[in-house]
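Just so it is clear, the model here is predicted, and its values are computed rather than measured.
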Amino acid sequence: METLEQLISKADAGDVQSCFELGQRFAIGEGTDADESAAFDWYLRAARMGHPTAEFVVGHCYANGIAAAEDPSEAPMWLFRSAIKGGYDAYAALSDYYESHETPEDGCVYEYFKARSSAEDPDATYVLARLTELAVGTDFDPAGAYALYKQAAESGHVEAKHREALCVLNGMGTGRDRPKGVEMLQALADIGYSPACASLAECYEYGIGVERSYDRAFSIYQEIADLGAPEGMYNLGRCYMDGIGVEKDNNASYAWYCASAGRGSRDGIYGIARCYLGGVGVDKNRDKGLKLLESASYMGQTNAMIMLGQLYAKGRQVPKNTKTSAAWFKRAADMGDGYAQLVTGDNYANGSGVKKDGKMALRYYLMSAANGNSVACFNVGTAYALGRGVARSDSQAFVWLSRSAEDNYMKAQFSVAEAYAKGRGTKKDSQKAFEMHLKLAENGFGKSQYHVAYAYFEGDGVAKDEKQAYEWFVKGAKNDNAICQYYAGYCLENGIGVEKNEKQAIAWYKRAAELGHVLSRQIVERLTGEKVQFKPEESPFESYLRAAENGDDDAMFIVGRCYMDGVGVEADADKAHMWLNKAVSKGNAAAKRMLAQQRRNQQTAE
């Protein structure tokens with residue numbers, strides 16, 4: 001055990017834990033005479049550097065007049081500092097405190113911390129940053145929040161350093177740099193800061209800024225759990241529950257959740273609630289699970305709030321109630337959860353459980369995007385592109401759409417490809433546009449299949465290649481893209497990239513005409529004298545059947561399966577085999593395997 005002098009030396013050098021331990025020593029008289037006043041001073045030093053337990057102790061002292069004059073204005077603010085970092089005891093104490101005291105307005109809370117923000121009290125600066133990020137008592141200002149986190153971090157506040165890294169990782173109030181954000185988290189992990197370790201593990205779990213590795217994520221959670229960190233224990237429970245980097249083990253999952261809860265973690269309580277609701281490692285008990293879920297939610301656990309929102313939205317375990325669902329999602333959103341912010345934005349956009357409000361929708365989309373949510377980044381980018389609820393800006397649209405595209409959100413990748421193609425919000429780059437469209441097209445994105453085909457057709461961003469153009473027009477046509485259907489017909493009619501075939505050309509023109517393509521309708525009427533009627537939306541089976549009748553072997557296989565299993569049509573084994581054999585005759589490998597398997601099954605049965 002370190003001597004008092006050693007602890008004082010480390011505390012004077014800025015070690016927060018040493019400040020807290022000195023408070024403990026003087027409080028109980030360990031290695032020195034008991035001294036409440038000295039204990040309080042050391043607790044206060046640790047609290048100003050962001051030590052959650054020290055903040056709770058200081059709040060408790062102010063609330064009860066222990067070693068300091070009772071102060072109803074200071075007590076709740078110190079408890080709030082601890083609670084906002086997830087302190088279970090502080091959250092409970094703060095709730096009890098406000099049962100007998102008036103709750104301050106958000107603006108007053110903001111002004112309190114603004115007045116105390118300084119190099120001597122970096123935790124006040126940190127809390128001010130959180131309030132700015134969450135728009136509590138002030139407007140949402142991600143750049144302002146980032147600047148405040150950076151300021152507190154420069155004064156040695158370790159959790160502020162953690163938040164600064166997350167800002168860089170997600171692009172909140174600063175340019176997004178995922179590799180740098182991971183590097184900053186790794187530096188904090190190297191000094192043993194467990195919340196940063198958990199964030200680093202999440203990066204490996206979801207492939208954010210690093211190559212995805214479930215094994216690496218699990219090992220980091222294991223390391224910090226072995227050191228007694230409740231966030232590590234909670235995440236191990238989650239890994240064993242969902243099979244993340246380890247085989248599923250319901251008993252181990254429940255045990256780790258209990259260990260986390262035993263350390264005062266609201267996350268652990270949420271995990272136990274999941275176990276009771278799903279019967280994981282414990283007998284299923286809906287009522288107990290819901291009670292624990294609500295308890296975790298009232299303690300500020302955002303995943304518990306989200307789960308309640310989902311349960312009420314779907315009417316599972318509880319009666320369906322869109323208003324209650326929206327209220328839980330909004331509560332989690334106001335606590336800073338990016339996914340809940342996205343859902344709340346959707347709720348305001350669609351009027352689901354709340355009054356429809358485009359401005360509020362954009363507000364929550366902006367918050368979610370600042371937290372790195374890919375869909376929200378797309379929504380914000382689209383809002384800037386259209387001037388919907390915000391001043392139109394092609395450059396801002398490109399910034400936000402690019403963030404979403406970098407996360408492999410296909411709609412955003414298409415929009416960015418179009419921005420390069422048209423020089424919208426960025427310098428025109430036909431080659432870059434083609435490369436992005438090609439990647440999307442190869443993944444089956446229909447709109448990009450047309451763009452790739454047309455690029456080959458015109459030689460825009462790539463060397464002209466009529467054969468490739470025709471092949472890509474056909475791929476898009478099979479995905480019911482009317483323009484691709486028209487061009488497939490045009491190529492077949494004129495022998496562009498393929499031998500002339502008027503019959504097949506007319507078939508593609510007809511399909512395009514049925515989807516409302518006016519020029520194709522006129523061509524069909526000119527070539528055949530027939531009138532083509534616009535068809536209402538088909539069922540999936542009808543669409544595949546039409547494609548099969550026009551010679552698409554993949555569609556032939558799917559139609560055969562539909563007849564075999566009675567999906568979208570009455571089961572008919574004869575028709576199933578007819579279409580499967582047609583597909584085989586066209587070289588379809590899947591149909592060939594299926595018929596071979598059926599023959600083997602018959603031989604076994606005989």
Checklist entry - In this structure, which one of E231, E159, E55 forms a salt bridge (charged side-chain N to carboxylate O under 4.0 Å, His left out) with K85? => result E55
Next on the checklist: Students often mix this up, so state it plainly: with edges at 30° and 60°, are the rings of Y126 and H157 parallel, tilted or perpendicular?
Outcome noted: parallel
Checklist entry - Which word best sums up how the rings of F80 and F113 line up, parallel for under 30°, tilted for 30 to 60°, or perpendicular for over 60°? => result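 Tilted: the ring planes of F80 and F113 meet at 30° to 60°.
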Donor-acceptor pair between [X] and [Y] side chains, under 3.5 angstrom:
| X | Y | answer |
| --- | --- | --- |
| N373 | Q341 | no |
| Y91 | R266 | no |
| S199 | H162 | yes |

Checklist entry - With side chains defined as the heavy atoms from C-beta onward, is the minimum distance between M410 and N443 less than 4.5 Å? => result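 They are in contact (side-chain heavy atoms under 4.5 Å apart), so the answer is yes.
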Checklist entry - Considering only heavy atoms from C-beta outward, does the side chain of P104 approach that of Y110 to under 4.5 Å? => result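 No. Closest side-chain heavy atoms not under 4.5 Å.
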Considering only NZ, NE, NH1 and NH2 on the basic side and carboxylate oxygens on the acidic side, decide whether [X] and [Y] come within less than 4.0 Å.
| X | Y | result |
| --- | --- | --- |
| D394 | K422 | no |
| D334 | K330 | yes |
| K288 | D283 | no |
| E442 | K439 | no |

Checklist entry - So which heavy atom on P319 is nearest to which on Y312, and how close? => result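 Minimum heavy-atom separation between P319 and Y312: O-CD2, 3.4 Å.
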Checklist entry - Is the charged tip of R511 near the ring of W508: under 6.0 Å from the six-membered ring centre and within 45° of its axis? => result no
Next on the checklist: Tell me if a side-chain donor or acceptor on T382 pairs with a main-chain N or O of F378 at a distance below 3.5 Å.
Outcome noted: yes
